[in-house]
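Written out below as structure tokens is the structure these notes cover.
Note that the coordinates shown come from a computational prediction; the quantities given were computed from them, not determined experimentally. In what follows, every chain begins at residue 1, and chains take the letters A, B, ... in the order their sequences are listed.
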Amino acid sequence: VQRGAAAGAEIRLGGARLDHGGGAFFAPTVAMAKQDNPLQQEEVFGPVLSVQTFREPEEAFALAAHDTYGLAAGIHTQNISRALDAARRIEAGMIWINTYGRSTDIGTPFGGFKRSGFGKDFGAAAYLKYTRLKNVWIDLTI
Amino acid sequence: MSGAGPALVDEAVAVASRAFRESGWREAAPRQRAAVMRRWAELVEAHGEELARLEAVTTTRVIAETRIRDVPVTAELLRFYGECADKFDGALYPTAASVWSVGVPEPYGVVGAISPWNVPMVLATAKFAPAIAAGNAVVLKPSELTPFTAVRLAELAIEAGLPPGIFNVVVGDGPNAGEPLVRHPDVACISFTGSTVTGAGSWPPPPRRARSRSRSNSAARARRSCSPTCRTGSGLPTWWRPEPPATAGSFATAAAGSSFMSPWPMG
């Protein structure tokens, strides 16, 4: 968060450690940060939300086309055509429509694209990754 | 936590390899494997409060979540993948009438799994449960930051009837345990979740011992064809911590040893 602020992010909420007499606590944080800011380019393992704004869907698609990562994306709209078009166009391993972070059913595959990973955990897709296919030929003329 | 080094990894892989060949787990009827996975799930639920507390005390997960989510999900993952054991058939391919050509899904052999610290019990189970249900033997290296529930799950596996040596946990850090595991020539498949730097920067590593070109190529292909998943992020220190803890060695070795209840003499 400090690096993000130094690079121009605007901290709107939180942004600092919380003192609860020990432990490792960080305040819930909301930051406005541009695309090249570390808060947009790197994952923060903490309660930090990095925000960018857009006016047209095309701007949002450009922002979502992250150089490095593609774990998940969320789309909020009541326009079903727009939602499905966005789901097709965004390069991410998981797309959430009118929800976010929903991956609670263990039968669904979890995993990202690009440098967010390859392969999946969870679901039958993951099971099949732990098997390999052997092709056996039987000559019936013998 | 640290402790395991290349020698313990070698021992774990040797135990797993032998169990894969000789324990009968791979050859058992899929419903029998599923039954063991169900019993394992029941034991996880029976020890649910213990596991929920252990996970909450030793990781960043909070008790409210380990009770209502992590423990039930762990049990259901064991059931889900147990059920997978007899749900995927092979194939009879179109050929001339003079032959039958069939496709047979097989386990790889020894699967190496490396799991992260953020949701330790669930994400470790998401790797070893499908691998074991499919008939593989597993050597799991959980994050050295959060290895405790994985070791307990290995103890419960034995209680559930999993043949000793099919599920092994080595407790150590990336350089000393993870790297020897992924380089081990007898590990046929790697499943990894951790930092992008570790996952993408050094994957797959070169074989540890000199081997013929064709074998090492096939090993590399096998690794790529399995499911390493490196989650987004620059800072998930699965393989790295700034200061190794001072107390870990003896416990780690003893705990890992408890999952090495092998019927075969080693060495």
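Of the two parts of B:Thr125, neither the backbone nor the side chain holds a non-hydrogen atom closer than 4.5 Å to a non-hydrogen atom of chain A. Looking at B:Ala91, neither its backbone nor its side chain comes within 4.5 Å of chain A, counting heavy atoms on both sides.
Summarising the local packing, CD of A:Glu59 is surrounded by more than 12 heavy atoms from other residues, nucleotides or ligands at distances under 6.0 Å. Within a 6.0 Å radius of CD in A:Gln78, no more than 12 heavy atoms belonging to other residues, nucleotides or ligands are found.
One distance of note links CD1 of A:Ile106 with OH of B:Tyr81; it measures 7.0 Å at 0.5 Å rounding. Put simply, CZ on A:Arg115 and OG on B:Ser195 are 10.5 Å apart, with the number rounded to the nearest 0.5 Å.
Interface summary for chain B: among A:Gly123, A:Gly107, A:Ala124, the most heavy-atom pairs under 4.5 angstrom belong to A:Gly123. Contact tally against chain A (heavy-atom pairs below 4.5 Å) for B:Gly135, B:Ala97, B:Pro105: the top residue is B:Pro105.
In this structure, B:Ile132 and A:Tyr130 have side chains that are not in contact, with every pair of non-hydrogen atoms separated by 4.5 Å or more.
Ring pair A:Tyr127/B:Phe88 is parallel by interplanar angle, where below 30° counts as parallel and above 60° as perpendicular.
Taking 4.5 Å as the heavy-atom cut-off, the residues of residues 133-142 of chain A that approach chain B are A:Leu133, A:Lys134, A:Asn135, A:Val136, A:Trp137, A:Ile138, A:Asp139, A:Leu140, A:Thr141, ordered by number.
The two residues B:Cys189 and A:Lys129 make their nearest non-hydrogen contact at SG-O, 4.4 Å.
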